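What follows is one structure encoded as structure tokens, with my remarks underneath.
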Amino acid sequence: MTPVHFSFTSAFMLGLMGLAFHRTHLLSALLCLEGMMLSLFIALALWALQLEATAFSVAPMLLLAFSACEASAGLALLVATTRTHGSDRLQNLNLLQC
């Protein structure tokens, strides 16, 4: 395993562990998701450069576009949650309550 591969794998796993074990606020969960998406983007971009395939160079840009859409939807949910519940703590949210 090369050091570059190890660093992107560890960055992705760090974001996944933060998402799984440190779920106190919605903002921290969104930041962990963004870190995971950023490590995937950089890994895909470096993979396309290593393979020297021009047909595969569209995949990182597509992933980046989906990541931006995911971030905007997450921030909209964060604002809506904060307005309705008063905070972004995930333990205070009850999805069965309207």
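Only a predicted model underlies this, so the values are computations on that prediction, with no experimental measurement involved.
Between atom CZ of residue Arg89 and atom OG1 of residue Thr24 there is a gap of 6.0 Å, rounded to the nearest 0.5 Å. A distance of 11.5 Å separates CG of Leu19 from CD of Glu34, quoted to the nearest 0.5 Å. To the nearest 0.5 angstrom, Ser57 atom OG is 12.0 Å from Glu52 atom CD. Here the straight-line distance linking atom CG of Leu26 with atom NE2 of His85 works out to 10.5 Å at 0.5 Å rounding. Here Ser7 contributes atom OG and Leu14 contributes atom CG; the two are 12.0 Å apart, rounded to the nearest 0.5 Å. Taking CG from Leu44 and CG from Leu49, the interatomic distance works out to 11.0 Å, rounded to the nearest 0.5 Å.
Evaluation of the ring-ring contact (aromatic ring centres under 6.0 Å, His included) test over residues 19-51, restricted to residues two or more places apart or in two chains, returns Trp47-Phe56.
Considering only heavy atoms from C-beta on, Leu46 comes within 4.5 Å of Phe8 through its side chain.
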With a 3.5 Å cut-off and sequence neighbours excluded, list the donor-acceptor pairs that the side chains of residues 73-83 form with protein atoms.
unit_1 : atom_1 : unit_2 : atom_2 : d
Thr81  : OG1    : Leu77  : O      : 2.7
Thr82  : OG1    : Leu78  : O      : 2.7

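Hydrophobic cluster membership of Leu62, counting Ile, Leu, Val, Met, Phe, Trp and Tyr whose side-chain heavy atoms lie under 4.5 Å apart directly or via other members: Phe66.
Taking all atoms of both residues into account, the shortest heavy-atom contact from Gly15 to Cys32 is O-CB, 3.5 Å.
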_Worked check of side-chain contact (heavy atoms from CB on, under 4.5 Å) between Thr2 and Phe6_ = CA-CA 6 Å; Thr2 63; Phe6 176 73; over 6 Å; no
